[in-house]
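Presented below is the structure to which this report refers.
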Amino acid sequence: MSYKASTNHQLSSYSPQDAGKQSFEDLQTELSTLHREIEMRTQENALLNEVISTVGSTLRLEEVLRHLVDTVVRATSCQMAFIYLYDKDKERLILASTNEKYQHLVGKITLSLGEGIAGWVALHRKPVFLKEEALEDPRFCYFPELEEEKFQSIMTVPIIAKNRHLIGVITVQAVAPHEFTEQHHSFISNTAALVASAIENAQLYENTQRKLSILTSLSVLSQTISSGLYLDDMLRSLATLTVQIMEVDLCVIMLMDQARERDLEAPRQNGRRLTVRATAPSMNNERAHFHPIEVDRQTLERLRELNESAVQGIEDQNAEHEADTLAIERLNPLKDTQYRTLISAPLIAGTEQLGLINCYSNKHRRFSSEDQTLLTTIANQAAIAIKNSYLVNQLAQKNLVKGFFDDLMLGTGDSEDSLRQRAHFLGCDLTRPHAAVMIEIAHVDTRWDESAQSPKGQKARSSGPLPSHENSSLAQGISLQSAYKRMSGIVRRRIQDNFSGSVFYEHENLLTCIIPLSKDPTGTRLKSWLDDLAHQMHNEYDVYLSIGIGNTCQHIIDYRRGFAEANEALQMGQNLHEPKANESKRQPIVTHFNDLGVYRYLYKIAHMDDLRDVYQDQIARIDSYDRRKNTDLLDTLETYLECAGNLTKTSDRLFVHRNTLIQRLERLQSLCDIDLQERSNWLTLQVAIKVYKLRSSGA
């Protein structure tokens with residue numbers, strides 16, 4: 001068939017019906033394509049409307065982000081979506097929302113700008129679309145917990161505010177290679193633009209709501225602190241409010257062990273101990289298993305520095321260093337528990353560290369500098385309340401003890417049963433024998449450095465300038481009072497360690513005691529032990545104690561007499577053993593009432609009768625000679641008379657040769673008009689010497 005014939009044949013076989021059929025099929029295809037596009041546009045518009053509806057229906061950031069994740073997954077037919085928000089304070093992207101499967105990682109995954117694909121998008125404000133082999137991209141940052149090896153395709157778009165500052169990024173991932181269409185690009189970009197303002201508004205709303213809640217809770221906190229609750233009740237309420245304010249799962253308040261704090265001889269650098277006092281929610285059943293935490297000086301100083309930085313609004317760049325983390329972790333009584341995150345603040349009142357407040361979160365949470373400042377504010381307010389509570393308790397305890405001692409000394413007030421109950425409350429059993437003891441800190445070195453607590457030979461002297469003339473009296477008074485308090489604390493602890501159940505009342509430099517004699521009913525060992533104590537305090541701390549001891553008190557009615565005896569022994573012991581004008585050496589004085597002997601009977605005579613007779617004149621002449629010549633003739637005469645004129649006994653007691661004694665007696669006789677060999681004069685001379693000494697000492 002020729003070409004012409006063939007052509008004619010084809011033309012003759014292509015009928016108008018065939019042309020109409022082809023045109024109809026093309027039209028159908030085009031209509032189908034348009035229909036799909038319209039359907040996709042409709043679906044996209046529906047999803048965008050859904051986003052708009054979500055944005056307009058709530059200001060809660062968590063709900064906005066959760067709906068956004070769900071919408072993005074459905075719109076792109078991908079399996080996973082992640083939304084990171086930018087934290088300006090930390091300059092990091094923080095995972096804020098994702099699918100339910102990885103919801104537990106919210107707040108835990110963070111990226112710096114430029115780190116990973118999301119960080120690159122955030123830094124350059126440009127989207128990234130990877131159809132396949134996303135893990136091979138050099139910008140990719142792998143997180144094993146996100147199981148990213150399962151995903152091939154990634155699309156990441158920045159969320160930019162109208163003023164062009166960064167809000168965050170949206171990332172979607174698909175398991176199989178995925179073709180991200182122009183519609184996908186458009187939808188994600190439009191969604192990011194829509195939610196930028198919504199996220200800002202939600203963040204602003206949540207910050208405002210949180211600040212309002214904080215202000216309300218702080219108001220309640222102030223009322224709680226000033227409510228006058230007992231310390232433990234106040235601490236429990238404080239812990240509950242702190243949980244609300246800090247939005248944490250647990251608050252634990254620990255305080256320094258007061259029993260340890262009262263032990264003033266414990267070295268400061270390793271003598272501090274924290275114990276759990278309150279938790280919220282309550283963990284009373286577990287509190288018994290909380291072990292006390294030993295605290296070193298270095299850790300406390302580091303906590304103080306962090307506290308001061310938070311108060312001044314300074315974000316400590318070293319706060320996340322390993323050393324600081326370990327320091328805080330050492331003060332954590334809840335190690336190896338379900339709690340993942342810890343934030344701490346010390347309880348500091350003035351310069352005194354009272355304890356620590358710990359807040360725990362079940363989830364991983366990056367506490368901001370604002371969180372640290374807020375917790376520090378709470379801790380500082382709480383510390384003031386705790387300190388005030390301590391002072392009130394100390395005052396109440398002091399008044400209780402004072403009233404108890406007053407009633408025992410005066411023999412008035414409550415019945416014997418009531419006194420026994422009050423004594424039992426103070427840890428004293430009045431059914432057992434006790435001795436009344438009075439201890440006066442007669443001399444103490446006030447030049448100690450205020451922080452020194454170690455014995456003589458180790459304590460540091462203050463090398464600072466002496467106070468000005470105007471302030472010297474006040475400074476000396478404060479220093480003396482502080483020294484008395486320190487020394488009194490040491491004496492109390494040592495007595496309590498050896499005589500458990502002792503009760504003390506402290507007033508300035510006088511310590512009044514009731515010391516049990518369960519193992520020593522007659523009190524024969526007590527004076528020896530107190531004498532050793534007085535010499536220990538002298539040797540170790542340059543402290544001079546004067547101690548008066550009364551006879552054993554078997555019954556409550558005996559205590560009035562016992563305190564009177566102790567007081568008389570204290571006063572007369574000091575008067576009889578005061579160093580002479582030419583003697584600079586001072587010694588501790590421990591006097592039992594029974595040691596007073598005849599002096600007790602002469603005591604009142606010396607005060608009531610100030611007339612002088614020939615015997616007093618003779619003794620005054622001898623004493624004057626001793627002072628001028630630096631001799632011991634008066635003591636020699638007194639010893640000679642006590643030995644009834646026996647020269648051998650006298651020389652032995654004076655530790656002098658017999659000839660020396662004879663020479664002294666001859667010198668004495670030359671000073672006296674009274675015959676010293678006449679026995680009838682001896683008793684009168686003995687009494688006269690004792691009266692003279694009582695008068696001369698100022699008794």
Side-chain angles (χ1 to χ4, degrees), residues 440 442-443 544 546-549 564-647 649-656 660-699:
E440 182 177 320
H443 174 78
Y544 294 91
S546 293
I547 303 177
I549 310 168
E565 292 173 349
N567 182 60
E568 192 164 325
L570 173 66
Q571 300 299 327
M572 292 188 63
Q574 290 176 324
N575 293 327
L576 294 173
H577 295 90
E578 276 293 310
K580 297 180 181 179
N582 59 347
E583 294 179 349
S584 59
K585 188 175 181 181
R586 180 192 296 266
Q587 289 294 330
I589 302 169
V590 181
T591 309
H592 195 285
F593 178 75
N594 295 336
D595 297 337
L596 299 178
V598 71
Y599 280 102
R600 179 175 177 273
Y601 301 101
L602 299 175
Y603 185 76
K604 292 183 179 179
I605 297 175
H607 283 76
M608 292 166 46
D609 182 8
D610 59 354
L611 298 178
R612 297 172 63 90
D613 56 20
V614 64
Y615 294 96
Q616 290 288 309
D617 290 339
Q618 297 295 307
I619 293 169
R621 186 184 303 170
I622 296 171
D623 185 49
S624 176
Y625 181 88
D626 279 344
R627 293 175 185 277
R628 292 195 318 271
K629 301 294 186 178
N630 196 24
T631 56
D632 296 309
L633 295 181
L634 187 58
D635 288 341
T636 299
L637 177 59
E638 184 177 20
T639 306
Y640 173 73
L641 296 174
E642 289 174 353
C643 294
N646 188 308
L647 294 179
K649 287 184 179 180
T650 305
S651 61
D652 288 345
R653 285 184 56 180
L654 293 174
F655 301 103
V656 297
T660 302
L661 175 60
I662 293 173
Q663 291 175 1
R664 289 185 182 181
L665 291 174
E666 290 175 351
R667 173 57 60 184
L668 281 166
Q669 187 62 70
S670 68
L671 295 172
C672 296
D673 298 330
I674 301 171
D675 186 2
L676 301 181
Q677 300 298 321
E678 180 60 45
R679 291 179 177 269
S680 61
N681 293 328
W682 287 0
L683 178 59
T684 306
L685 280 170
Q686 277 186 281
V687 173
I689 291 172
K690 297 184 185 303
V691 171
Y692 179 83
K693 285 187 173 182
L694 288 172
R695 287 176 177 174
S696 300
S697 65

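Everything quoted here is computed from the prediction, not taken from an experiment. Because only heavy atoms are used, hydrogens play no part in the values below, and waters and symmetry mates are left out as well, while side chains stay in.
Between the CG atom in Leu668 and the OH atom in Tyr640 there is a gap of 10.0 Å [rounded to 0.5 Å]. The distance from the CG atom of Leu637 to the CG atom of Asp632 is 12.5 Å, given to the nearest 0.5 Å. Expressed to the nearest 0.5 Å, how far CG of Asn567 lies from CZ of Phe593 amounts to 11.0 Å. Leu665 contributes atom CG, which lies 7.5 Å from atom OG1 of Thr650 (distance to the nearest 0.5 angstrom). Remark: Thr639 OG1 to Asn646 CG distance equals 12.5 Å, nearest 0.5 Å. The CG atom of Asn594 sits 10.0 Å away from atom CD1 of Ile549, with the distance rounded to the nearest 0.5 Å.
Look at Asp623 and Arg627 and you find a salt bridge, because one of the NZ, NE, NH1 or NH2 atoms lies within 4.0 Å of a carboxylate O, short of that distance. Under 4.0 Å is where a charged nitrogen must lie from a carboxylate oxygen, and between Glu642 and Lys649 no such pair does.
In terms of heavy-atom proximity, Gly548 sits nearest to Ala569 at CA-CB, 3.9 Å. When every heavy atom of Thr591 is checked against every heavy atom of Gly573, the shortest pair comes out as OG1-CA, 3.3 Å. Residues Arg621 and Leu671 come closest through the heavy atom pair NH1-O, 2.8 Å. In terms of heavy-atom proximity, Ile662 sits nearest to Leu647 at CG1-CD1, 4.4 Å.
Listed by chain and number, the residues in a salt bridge (charged side-chain N to carboxylate O under 4.0 Å, His left out) with Asp675 amount to none (sequence neighbours excluded). With sequence neighbours excluded, no residue forms a salt bridge (charged side-chain N to carboxylate O under 4.0 Å, His left out) with Asp652. Partners of Ser651 by side-chain contact (heavy atoms from CB on, under 4.5 Å), not counting sequence neighbours, listed by chain and number: Val656, Leu661. Here Glu440 pairs with nothing under the salt bridge (charged side-chain N to carboxylate O under 4.0 Å, His left out) rule; sequence neighbours left out. Contacts of Arg628 classified as side-chain contact (heavy atoms from CB on, under 4.5 Å), with partners at least two apart in sequence or in another chain: Ser624, Tyr625.
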request  = Would you check, one step at a time, whether the test side-chain contact (heavy atoms from CB on, under 4.5 Å) holds for Asp626 with Asp635?
outcome  = CA-CA 10 Å; Asp626 279 344; Asp635 288 341; over 6 Å; no
inquiry  = Could you walk me through whether Ile674 and Thr684 satisfy the side-chain contact (heavy atoms from CB on, under 4.5 Å) test, starting with their C-alpha distance in whole Å, then the side-chain angles of each, then the deciding distance to 0.1 Å, before giving a yes or no?
reply    = CA-CA 11 Å; Ile674 301 171; Thr684 306; over 6 Å; no
request  = Start with the C-alpha gap between Leu634 and Glu638, add the side-chain angles, then the distance that decides, and say whether side-chain contact (heavy atoms from CB on, under 4.5 Å) holds.
outcome  = CA-CA 6 Å; Leu634 187 58; Glu638 184 177 20; 5.9 Å; no
task = Please assess Tyr615 against Asn681 for the test side-chain contact (heavy atoms from CB on, under 4.5 Å), listing each intermediate value before the final yes or no.
result = CA-CA 9 Å; Tyr615 294 96; Asn681 293 328; 3.5 Å; yes
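Between Gln616 and Val691 there is a side-chain heavy-atom pair separated by less than 4.5 Å.
Applying the side chain to side chain contact (heavy atoms under 4.5 Å, CB included) test between His592 and each of Asp595, Val590, Leu596 identifies Asp595 as the sole match.
Residues in residues 662-671 take part in these side chain to side chain donor-acceptor pair (under 3.5 Å) pairs, two or more places apart or across chains: Thr636-Arg664.
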